[in-house]
Amino acid sequence: MLVLAVVVTALYAFVNAFGAWMVIRRKTWIAALFMLAATMLVVAAAAFISVVPCARVLLIIGLVLASLASFLNARIVLGHITPRNHLIRAAIAVLIYVVAEVGL
C-alpha cells in the first residue's frame, strides 16, 4: 500500500504541476500556488519512502493547497465553478490520504 500511496501522490503532484503550466501566463500567483502544492506532494511522497514522521502533515498541506489552487483557478481565471469537479477532486484527495494512512 505504501508504494501505491507514493505513486498516486506523485501523479497528483504531476497534475498540479500541469495546472501551474496551464495558468502561468494568466495569473502567476495561482500558478505559484499550484507549484507549491506539487512541491509539497513530492516532498510528502519522498517522506513516505524514508519514513519521516511528518509525512502525513506534509501530505495534508499539499492536498489542501491543491484543492485551494484548483478552486481559485476556477473562480478567478475561468470565472465559473463546477461544484461536481471540486467534489471529485476533494474525494480523490481524501482517497489519497486514506491510502497513505493505511500504507504507513
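This is a predicted model, so every value here is computed, not measured. The analysis underlying the following values was restricted to heavy atoms, covering all of them including side chains, and did not include hydrogens, waters or symmetry mates.
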With a 4.5 Å cut-off on side-chain heavy atoms, are I76 and K27 touching? yes
Among the clusters formed by ILVMFWY side chains lying less than 4.5 Å apart, do V98 and V57 turn up in the same one? no
At their closest point, which heavy atom of A13 faces which heavy atom of L41, and how far apart are they? CB-CB, 3.7 Å
Could you tell me if the side chain of V8 sits less than 4.5 Å from the side chain of Y12, heavy atoms only? no
Distance-minimising heavy-atom pair for A66 and A37: N-CB, 3.5 Å
Remaining members of hydrophobic cluster (4.5 Å side-chain criterion), I81: F71
Measure the shortest side-chain to side-chain distance between W29 and L72 over non-hydrogen atoms and say whether it is less than 4.5 angstrom. yes
Enter the distance from T28:OG1 to L33:CG here, rounded to the nearest 0.5 Å. 11.5 Å
How far does CE of M35 sit from CD1 of I24, to the nearest 0.5 angstrom? 9.0 Å
When hydrophobic residues are tied together by side-chain contacts of less than 4.5 Å, even through go-betweens, does L63 share a cluster with V15? no
Joint hydrophobic cluster, F14 plus W21, side-chain heavy atoms closer than 4.5 Å: no
Test F48 against every option in V43, L59, L58, V3 by the side chain to side chain contact (heavy atoms under 4.5 Å, CB included) rule and name the one that passes. L59
Report whether I60 and V99 are members of the same hydrophobic cluster (ILVMFWY, side-chain heavy atoms less than 4.5 Å apart, transitive linking). yes
Within one Ile-Leu-Val-Met-Phe-Trp-Tyr cluster: V64 and M40, side-chain cutoff 4.5 Å: no
If you round to the nearest 0.5 Å, how far is CD1 of I88 from OG of S70? 11.0 Å
Point-to-point distance, once rounded to the nearest 0.5 Å, from CZ of R75 to NE2 of H86: 11.0 Å
Taking everything shown except M1 itself, do over 12 heavy atoms lie less than 6.0 Å from its CE? yes
Kindly compute the distance separating CG (L68) from CD1 (I61), expressed to the nearest 0.5 Å. 13.0 Å
Can you name the closest pair of heavy atoms from A44 and A55 and give their distance? CB-O, 4.1 Å
Rounded to the nearest 0.5 Å, what separates atom CG in N73 from atom CG in N16? 10.5 Å
Let me see the working for M22 and F34 under side chain to side chain contact (heavy atoms under 4.5 Å, CB included), right down to the final yes or no. CA-CA 10 Å; M22 291 297 292; F34 271 120; over 6 Å; no
